[in-house]
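Here is the naming used below: chain letters follow the sequence lines, and residue numbers restart at 1 for every chain. Every value quoted in this text rests on a predicted model; they were computed, and no experiment measured them.
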2 protein chains.
Amino acid sequence: MTSPLSNLFVQISINFQLRAYKMQALENDAKKVARLRENDVKKETLLRKRMEQYIKSLQERIVKEIESIDGKKFLIDRWEREQGGYGISCVLQDGKVFEKAGVNISVVSGELPTLAIQQMKSRHKELDPSKGPFPFFAAGISIVMHPHNPHAPTIHMNYRYFEIEKEDGSPLSWWFGGGSDLTPSYLYEDDAIHFHKTLKEACDKHDPNYYPDFKKWCDEYFYLKHRKEARGVGGIFFDDLDNKPPEKIFEFVKQCGDSFLESYVPLVKRRMNTTFTANEKEWQQIRRGRYVEFNLVWDRGTKFGLQTPGSRIESIFMSLPLTARWEYMHVPDKNSREDKLMQVLKHPNNWV
Amino acid sequence: MTSPLSNLFVQISINFQLRAYKMQALENDAKKVARLRENDVKKETLLRKRMEQYIKSLQERIVKEIESIDGKKFLIDRWEREQGGYGISCVLQDGKVFEKAGVNISVVSGELPTLAIQQMKSRHKELDPSKGPFPFFAAGISIVMHPHNPHAPTIHMNYRYFEIEKEDGSPLSWWFGGGSDLTPSYLYEDDAIHFHKTLKEACDKHDPNYYPDFKKWCDEYFYLKHRKEARGVGGIFFDDLDNKPPEKIFEFVKQCGDSFLESYVPLVKRRMNTTFTANEKEWQQIRRGRYVEFNLVWDRGTKFGLQTPGSRIESIFMSLPLTARWEYMHVPDKNSREDKLMQVLKHPNNWV
């Protein structure tokens, strides 16, 4: 049905298609921004707006499901950022199942400080600090859940969409980032396998390289260099993802977000009523200490937040456990269950 | 008895005396180092050796006194640093009075990494990173004590002597640093006054500017920018102190070290048996959380240690409390005792 000439054209253009698609998507978004500035309608068609709507509805779904497991209600705070934007923080503290569970979204915009541009420069060549500050937009969801029971694992999930604009409002740069990782105090291999399998399924629907690449990235990112140990049994992590059309990556991110409850709820239901000893609780508290160490010493997001004027400390620190413990020279007995976890943290496993 | 000519010489030379004294002290030390390399005698005359002996004997005295208060013995570890030097860590954990008390000394030497030189460059102009790495020597004592009772304050003290050598072994640069600060969970003005008065008396014996200058420096250093609050009621802090002959500063540092027990023991004895409620204990745990935040996010020493290869993590983290707590959006009731502490942390006081 197509001529040989048009076939050839398809062959040639295929190499440029991805780039063109991305450029066009950016231009479309830019045009949409421009249009919106004249006429504040059809907001829902903009990617940034749809990301905002998506994380809002995901937050609602997750809060509802976790409340049904715990029995206690989340405390919900909506806050405004002086420099532009808002957030909704949902925190459940001292519940029946959860010591602390937080589900935050934030949708912020404003001027990206020169310092932040310099930090991003190595990953985003298009950012010229001398031409800044640039207007930016960021929308993200961030979740951390610490159950009481030492046999039930801690979970973390975070997905964010970032845009940097040129002066005329057209996007100079955009990307997605995020991931999800599991931090048990006691190793249940079945749990780690279920968690990774769910994430792999979500990834595989979009790109066969996503799971292996992002699993590796996760092991590297959630690593406590000063302890020479991983934070937990990993998961997936990626940042600066912009090598496909934004709509495609948005679909992938939604798939990951949608898989949260499936990846975690079965594990917490399975372990939340396991009987435990005082020693097991103490071990969990020591592991919580490592969680604090990672977040305060290494986590880029936390560090960035703490040094950014106008950021909401209470929302950043929602990720910290309710309680933690630091014992001097605590080393688990050889071949104990605690030691078994440590072996996996020292030598990351391939779970699927 | 002296001629007018020699009197004149004294007048002229007085301006140069301080500088000459310092230069000579450095040269003397350099000569001593050289001599020692030929003949390993008279080690005790070297400042670095005397600093080492001083912190060792101070460690012994403090450990003995704290053991007599607590009733439990310190765990004593001597460790060797692969790259050069050693340390002695004394830690008392879960005692009768103290949740955790650590008294560390370390005497380390080796090559100062270029990164460390670059960080020090702004304060030490004589360091040219292109000429490094330089051999260095550092000897210090570091103390943190967290009592169980929420009415008894946490104390921190640290004094260190640092030398950077030229290739021929003569000192290129040397300085002292350190200080001591008090972190109560409940404000007892008498305690803060006693603490500051003891430090002021130690300072005043050496220089009338020391206490006011170092009190201010302490308020600035032990400050949690992300919380807009001080860590505690302050004390003294100084760094890069080299503006007097080294022997003079060493005398001052010894005076400060010697005042530790006097500054703290009366306070802990006064408060260790005060009855307290579960709410007061919880408030202490929240304040412990802030202590962890300061040490992991802001403290230069901790950051430096975590990023230095071969440093002993267990000794660095000895400063962390045994237990800590992070509650979402915890704000003390207006005019409560907890709020009274917060007011002082927001607006540092002059205690003497």
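- A distance of 7.5 Å separates CD1 in B:I155 from CG in B:D181, rounded to the nearest 0.5 Å.
- When A:L75, A:L320, A:T302 are compared by the number of non-hydrogen pairs under 4.5 Å with chain B, A:L320 comes out ahead.
- Residues A:K340 and A:E338 are not paired through a salt bridge, judged by the lack of any N-O separation under 4.0 Å between the basic side chain and the carboxylate.
- Applying a 4.5 Å heavy-atom cutoff, the residues of residues 92-107 of chain B that approach chain A are B:Q93, B:D94, B:K100.
- Counting heavy atoms from C-beta on, the side chains of B:V233 and B:T183 never come closer than 4.5 Å.
- Counted by atom type alone, A:D299 and A:Y221 present one or more donor-acceptor pairs between their side chains at under 3.5 Å.
- How far OG of B:S311 is from CG of B:L306: 6.5 Å, rounded to the nearest 0.5 Å.
- Residues B:I88 and B:I76 meet the side-chain proximity criterion, which asks for heavy atoms closer than 4.5 Å.
- By the 6.0 Å and 45° rule, A:R78 stacks over the aromatic ring of A:Y86.
- A:I313 touches chain B through its side chain: at least one heavy atom from C-beta onward sits under 4.5 Å away, while N, CA, C and O do not.
- Counting only heavy atoms from C-beta outward, the side chains of A:F317 and B:R227 approach each other to under 4.5 Å.
- Atoms NZ and CG, from A:K303 and A:L296 in turn, are 10.5 Å apart once rounded to the nearest 0.5 Å.
- Applying a 4.5 Å heavy-atom cutoff, the residues of residues 276-294 of chain B that approach chain A are B:V292, B:E293.
- For B:I316, no part sits under 4.5 Å from any heavy atom of chain A, backbone or side chain.
- Salt bridge annotation for A:R160-A:D239: present, with a cationic side-chain nitrogen under 4.0 angstrom from a carboxylate oxygen.
- Here the straight-line distance linking atom OH of B:Y264 with atom NE2 of B:H156 works out to 13.0 Å at 0.5 Å rounding.
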